[in-house]
Asker: 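Right, I'll just put the structure down here and ask away after.
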Amino acid sequence: MTPQTQPAPAPSPTQATAGTRRGRRPSLGAVALYPATFLALLVVAWFAVTTTGLVQPYIIPSPVDTWKAFTDNPEYLWGHTLVTTGETLAGFVIAAVVGVLVAVLMVYSPTLEKTFYPLILFAQVIPKIAIAPLFVVWLGFGASPKVLVAVLMAFFPVVISGISGLRSVDPELLELTSTMGASRIKTFWKVRFPAALPELLSGLKVAATLAVTGAVVGEFVGANSGLGFVILQANGNIDTAMLFAALIIMSALGVLLFAIIQVAETLLIPWHASRRNRG
Amino acid sequence: MFARTADRARDGAGSEPPAEQGPMVDIHGVDVTFRTKDRTVHALSGIDLTIQHGEFLSIAGPSGCGKSTLLRVIAGLTATSAGGVTLRGTPVEGPRRDVGFVFQRAALLDWRNARDNILFQAEMRGLPKAWARRRTDELMEMTGLTGFEKAMPFELSGGMQQRVSLCRALLHEPDVLLMDEPFGALDALTRENMNVELRRIWEDTGMTVVLVTHSVAEAVYLASRSVVMGPRPGRVIEEFDIAIHGHREYEPTLENPEFQRVTARIRELLGSTATAD
Ligand SMILES: Nc1ncnc2c1ncn2[C@@H]1O[C@H](COP(=O)(O)OP(=O)(O)OP(=O)(O)O)[C@@H](O)[C@H]1O
Ligand SMILES: [Mg+2]
């Protein structure tokens, strides 16, 4: 053994600051470079197959036609996009709030979990497209059946990630807090909830993209507005350019929501490993 | 620097009447049996142990002999099947607030920096903020963490994380510091440094410490008394008073005949089950 009677000299604080650099995220440019390049290639290929007449325009419209669908009908598309965005956001927010509450209740009460978990699973496996007409019968043609389908789709990942997040807390930490005489509420807010955030936020990301799908599925079944309605109309008119335009907006909506939660993640859990080790 | 101050009266643990008479911890006839689906484990059997005020007791023994269980019983984290524990004169009936607990893994909150991890103890107990901050700074200085207040747990080495955990356990000036293999995950050199630090803290403060360890050298270097446990069922095999008084320098203590006599006896008792070091 080495003679050692003094405490180890602590590494200098500057090293710790250097350590935080690991936590810095790669810039947006670096993140976007690869997908942007791929997207550019895809558009080139799209040009190639449509302008050479390899594929008929009613099967795949040319990029120019698709662009024109945007520029010729800006108000029409914008209006319907707002409708779908509203339904999606409402569905997502309701699913997030209710989902987290249900997850908390199930983690704290085994009885509630035993009672409701099978039912939630059951609700999840019902194909939403099959149940949507029922919601229209119940709730009419307004926004509510669409919101409800969005909630149903987005709810499950929130509950599942919430439960597993809340359970992921180090049991020793909970024992430690029990020797601190802290209330269960304090323990929840200071230990359990922050520990659950990483998993919960991944669940919310999945939920956000599903909420878009849910809203559009709801619109398919019975609507006179929204991107789902635009797609049905364009389909009826064999207006593939408009159909493509609506599809692009839908994807953009999903990606935007996803990105917002991603940003929330960097603000809420900068300490989390998946962020730390990236790049 | 570390003497118990008048501030202590404001501490949650200190608000109970002091019980200076009698032992700090009194364990009498403790049995613990765990029943799981496929087997019953008799983790502790007939444990009788008294720990005096200001004593540093180490518990050594092979894996699975119930060392952690015994420590948890003292803290009120595990219920006894028979017998009982009195801590500062009051029976242990549930998790106790008047202890400081250090786990094998540092068990820090990933989302808080080093300083806030220590202050966590004060927040949960509702201790006065200004007092807690002052004391945190003192503790961080004492354990060589000054300059790392803002460092997040993942930016700290294993030894530093364990020091933060130690500071957290000391913040509220607990009556008993309970440590479950706190240095088990550290490399040999860091472990020695931590041993020296812990011994110095104990010498300075005179608090009561119970330390569970796999390392015979650690058990003997640090403690004023060492208990050796045996497995199946977990019980105390033998106790050793370690008659090396006053300040213990690391190397000289290792060469002290008393140290060598006790470690040799404990190694003999543990046979091949103990970690050689
Ligand atoms: N919660 C529990 N449920 C069931 N059995 C348990 C539980 N906790 C401990 N045991 C059993 O009790 C026995 C003693 O465990 P304990 O953790 O106290 O041993 P230990 O001496 O600390 O071992 P190690 O040195 O490996 O940490 C073991 O056989 C273990 O499997
Ligand atoms: Mg153990």
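None of the values given here were measured: they were computed from a predicted structure. Protein chains get the first letters and strands the later ones, always in sequence-line order, with residue 1 at the start of each.
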Asker: Considering all heavy atoms of both residues, which atom of P194(A) and which atom of W111(B) are nearest to each other, and what is their separation?
Answerer: CB-CE2, 3.2 Å
Asker: Tabulate, in ascending numerical order, the residues of residues 95-114 of chain A having at least one heavy atom closer than 4.5 Å to a heavy atom of chain B, or enter 'none'.
Answerer: none
Asker: When only heavy atoms count and the cut-off is under 4.5 Å, which of residues 173-193 of chain A reach chain B?
Answerer: L173(A), E175(A), L176(A), T177(A), S178(A), T179(A), M180(A), G181(A), A182(A), K186(A), T187(A), K190(A), V191(A)
Asker: Using non-hydrogen atoms only, which part of A107(B) is less than 4.5 Å away from chain A: side chain, backbone, both, or neither?
Answerer: both
Asker: Just how far is it from atom CG of D110(B) to atom CG of D170(A), taken to the nearest 0.5 Å?
Answerer: 9.0 Å
Asker: Where does E149(B) contact chain A at under 4.5 Å (heavy atoms): side chain, backbone, both or neither?
Answerer: neither
Asker: For L108(B), is it the side chain, the backbone, both or neither that has a heavy atom under 4.5 Å from a heavy atom of chain A?
Answerer: backbone
Asker: Side chain, backbone, both or neither: which part of R105(B) has a heavy atom under 4.5 Å from chain A?
Answerer: both
